[in-house]
Amino acid sequence: MAEKDIVEKSLESYNDVFADIVNGLLFNGQKIVKEDELEAESEYSMYKADNKLHEQERDVAKYWKTGKIRIAMFGFENQTLIDRDMPLRVLSYDGAIYRNQLNYKGKERFPVVTLVLYFGDKKWNKPKNLLDCVKVPKELKAFVNDYRINLFEISNLTDEQIAVFKSDFRIVADYFAHRNKDNRYKYSKEIIKHVDVFFKLMKTLTNDNKFETMYNESILEKGGVNMDAYLTKLEKRSRAEGISQGMTTVIKKFVENGAMTVEQIAGVLQLPVEKVKELAEMKLPE
């Protein structure tokens with residue numbers, strides 16, 4: 001998950017993407033949080049256990065500010081796997097920020113809002129709040145405060161929810177929401193702004209090498225880059241290569257079995273004799 005965290009946070013760290021995710025998931029696309037009002041915050045915080053200081057790291061964190069005044073702090077936690085202890089993790093991250101505010105006496109206090117972005121295909125079936133994580137005796141239930149996480153299942157977003165995003169995250173969300181549900185899914189034709197981190201994110205989350213190939217080829221071309229044009233081209237090439245490999249296999253078998261000569265095969269396929277010889281001698285992948 002370490003590699004995935006690095007890739008995910010690199011895309012989300014862009015202010016346009018960060019603000020878009022917050023506005024899309026919390027405010028139905030209204031531009032409440034603006035790009036120029038965001039300021040990066042260190043993802044690291046400390047906690048004490050066993051008389052030792054330990055470091056914990058958020059995926060992405062930014063202050064929402066107006067002038068020099070901090071309105072709030074937003075944090076993102078990316079998940080590709082379901083974690084039953086997520087409420088405990090979020091509570092520890094948020095608690096560390098609130099604790100740090102005590103060190104700045106006289107300054108205005110601000111709220112902390114954490115968004116958990118879950119990219120998995122399976123429905124989240126583990127706790128979304130603190131009280132579901134711990135066993136509380138009935139005598140104590142009235143005295144134990146609950147803590148709920150803001151969990152968003154990206155693969156289960158509706159088309160209407162996805163439509164409110166304006167940044168590269170819209171393309172990511174659209175892909176995850178449709179890739180396993182719609183055999184007629186068409187890749188997005190929207191122009192990708194942050195090409196490098198976008199394709200690295202898609203490669204890492206899907207473990208599909210075509211996204212890496214697409215990035216390597218797209219950086220050589222001028223103009224806007226979109227998923228539809230390149231992935232359609234890659235799929236056509238893949239089919240063509242499959243046909244070519246199948247033809248090579250047939251030619252090799254005919255020649256090896258003596259069923260047809262190279263010249264006869266060349267005549268039937270209307271190919272140069274030298275090309276048929278090349279295919280007959282080609283080593284096929286195992």
Side-chain angles (χ1 to χ4, degrees), residues 1-2 4-30 32-35 37-47 54-65 70-104 108-120 123-134 144-157 161 164-165 167 169 172-173 176 201 205:
M1 186 62 186
K4 291 184 179 180
D5 283 344
I6 293 171
V7 174
E8 289 161 4
K9 72 174 62 175
S10 64
L11 177 64
E12 295 164 356
S13 293
Y14 285 99
N15 277 4
D16 65 311
V17 178
F18 192 99
D20 191 39
I21 293 174
V22 172
N23 290 328
L25 295 178
L26 300 187
F27 308 122
N28 196 34
Q30 297 181 65
I32 304 298
V33 177
K34 299 178 177 59
E35 295 178 43
E37 296 174 340
L38 293 170
E39 178 183 280
E41 159 65 346
S42 171
E43 291 88 10
Y44 297 95
S45 59
M46 306 296 291
Y47 67 95
H54 299 269
E55 190 174 66
Q56 59 184 2
E57 181 184 8
R58 280 184 178 273
D59 286 344
V60 191
K62 289 181 184 288
Y63 289 119
W64 179 24
K65 301 176 66 177
R70 292 175 177 173
I71 303 173
M73 197 202 82
F74 293 107
F76 292 168
E77 293 303 315
N78 299 300
Q79 289 293 123
T80 54
L81 300 175
I82 298 172
D83 184 355
R84 65 164 289 105
D85 292 325
M86 202 67 210
L88 297 175
R89 288 177 53 196
V90 172
L91 177 58
S92 69
Y93 295 141
D94 293 356
I97 301 301
Y98 285 123
R99 178 64 184 83
N100 287 341
Q101 292 185 47
L102 295 177
N103 296 328
Y104 301 99
E108 191 171 349
R109 307 304 187 213
F110 54 86
V112 182
V113 180
T114 297
L115 287 71
V116 179
L117 310 181
Y118 171 55
F119 292 93
K123 186 173 180 58
W124 187 281
N125 56 3
K126 296 301 179 183
K128 298 180 184 178
N129 61 298
L130 177 63
L131 290 184
D132 285 342
C133 290
V134 297
V144 179
N145 292 325
D146 203 357
Y147 201 84
R148 178 182 58 83
I149 62 175
N150 302 303
L151 177 80
F152 299 94
E153 300 184 51
I154 306 304
S155 294
N156 287 326
L157 293 179
Q161 290 173 309
V164 303
F165 295 113
S167 71
F169 190 77
V172 175
F176 279 95
L201 166 68
L205 290 181

Student: What's the spacing between Ile149 CD1 and Leu88 CG if we round to 0.5 Å?
Tutor: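 Answer for the CD1-CG pair, Ile149 versus Leu88, is 10.0 Å.
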
Student: I want to check something: taking the side chain as every heavy atom from C-beta on, are Met86 and Tyr118 in contact at a cut-off of under 4.5 Å?
Tutor: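 No, every pair of side-chain atoms sits at 4.5 Å or beyond.
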
Student: Hey, are the side chains of Val33 and Phe27 touching, using non-hydrogen atoms and a 4.5 Å cut-off?
Tutor: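 Yes, at least one pair of side-chain atoms sits under 4.5 Å.
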
Student: Give, for atom CG of Leu38 and atom OH of Tyr63, the distance between the pair rounded to the nearest 0.5 Å.
Tutor: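 Rounded to the nearest 0.5 Å, the CG-OH separation comes to 13.0 Å.
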
Student: Can you tell if the side chain of Val172 reaches within under 4.5 Å of the side chain of Phe119, non-hydrogen atoms only?
Tutor: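 Yes, side chains in contact.
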
Student: Could you grab the distance from atom OG of Ser167 to atom CG of Leu11, nearest 0.5 Å is fine?
Tutor: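 Rounded to the nearest 0.5 Å, the OG-CG separation comes out at 7.0 Å.
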
Student: Do Arg70 and Gln101 have side-chain N/O donor and acceptor atoms under 3.5 Å apart?
Tutor: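 The criterion, which ignores hydrogens and geometry beyond distance, is not satisfied for Gln101 and Arg70.
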
Student: Hey, could you give me the CE/OH distance between Met73 and Tyr98, rounded to the nearest 0.5 Å?
Tutor: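 Atom-to-atom, Met73:CE and Tyr98:OH are 9.0 Å apart.
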
Student: Rounded to the nearest 0.5 Å, how far apart are CD1 of Ile21 and CG of Asp16?
Tutor: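 It comes to 9.5 Å.
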
Student: Do Asn156 and Trp124 have side chains that get closer than 4.5 Å, going by heavy atoms?
Tutor: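 No; the side chains remain at least 4.5 Å from each other.
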
Student: Taking the side chain as C-beta and beyond, is there a heavy-atom pair between Val90 and Tyr147 under 4.5 Å?
Tutor: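 In short, these two side chains touch, coming nearer than 4.5 Å.
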
Student: Tell me the closest heavy-atom pair linking Leu130 and Pro87, and the distance in Å.
Tutor: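 Shortest heavy-atom contact: N-CB, 3.9 Å.
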
Student: Quick check: does any side chain N or O of Glu77 sit under 3.5 Å from a backbone N or O of Asp59, one acting as donor and the other as acceptor?
Tutor: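 Yes, because the side chain of Glu77 sits within donor-acceptor range (under 3.5 Å) of the backbone of Asp59.
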
Student: Decide side chain to side chain contact (heavy atoms under 4.5 Å, CB included) for Phe74 and Lys62; before the verdict, give the C-alpha distance in whole Å, the side-chain angles of both, and the deciding distance to 0.1 Å.
Tutor: CA-CA 6 Å; Phe74 293 107; Lys62 289 181 184 288; 5.6 Å; no

Student: Quick one: closest heavy-atom pair of Asp85 and Asp83, and the distance?
Tutor: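 Minimum heavy-atom separation between Asp85 and Asp83: N-OD1, 2.9 Å.
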
Student: Do Lys126 side-chain atoms and Cys133 backbone N/O form a donor-acceptor pair below 3.5 Å?
Tutor: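 Side chain of Lys126 to backbone of Cys133: no pair is present.
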
Student: Please report the closest heavy-atom contact between Gly29 and Val164, naming both atoms and the distance.
Tutor: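 That closest heavy-atom pairing would be CA-CB, 3.8 Å.
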
Student: Hey, are the side chains of Val113 and Leu26 touching, using non-hydrogen atoms and a 4.5 Å cut-off?
Tutor: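 Yes, their side chains come closer than 4.5 Å.
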
Student: Tell me, do Val22 and Phe76 make a side-chain contact under 4.5 Å, heavy atoms counted?
Tutor: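 Val22 reaches Phe76 side chain to side chain.
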
Student: Excluding sequence neighbours, so at least two apart, what forms side-chain contact (heavy atoms from CB on, under 4.5 Å) with Asn103?
Tutor: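 Asn103: side-chain contact (heavy atoms from CB on, under 4.5 Å) contacts with Arg99, Asn100.
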
Student: Between the side chains of Asp94 and Thr114, is a donor N or O closer than 3.5 angstrom to an acceptor N or O?
Tutor: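 Yes, side-chain donor-acceptor contact under 3.5 Å.
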
Student: Give me the atom names and distance for the closest heavy-atom approach of Arg109 to Tyr104.
Tutor: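 Between these two residues, the closest heavy atoms are NH1-O, 2.8 Å.
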
Student: Between the side chain of Asn15 and the main-chain N/O of Glu35, is any donor-acceptor distance below 3.5 Å?
Tutor: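 The answer is yes, because a donor-acceptor pair under 3.5 Å joins these two groups.
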
Student: Quick one: are Val116 and Arg89 in side-chain contact, heavy atoms under 4.5 Å?
Tutor: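 Answer no - side chains too far apart.
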
Student: Where do Asp20 and Phe169 come nearest, in terms of heavy atoms and distance?
Tutor: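 Closest approach of Asp20 to Phe169: OD2-CB, 4.4 Å.
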
Student: What closest approach, in Å, do Leu157 and Phe165 show between heavy atoms, and which atom pair accounts for it?
Tutor: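 Heavy atoms of Leu157 and Phe165 come nearest at CD1-CE1, 4.1 Å.
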
Student: Of all residues at least two apart in sequence or in a different chain, which pass the side-chain hydrogen bond (donor to acceptor under 3.5 Å, both in side chains) check with Lys65?
Tutor: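 Per chain and number, Lys65 pairs via side-chain hydrogen bond (donor to acceptor under 3.5 Å, both in side chains) with Glu39.
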
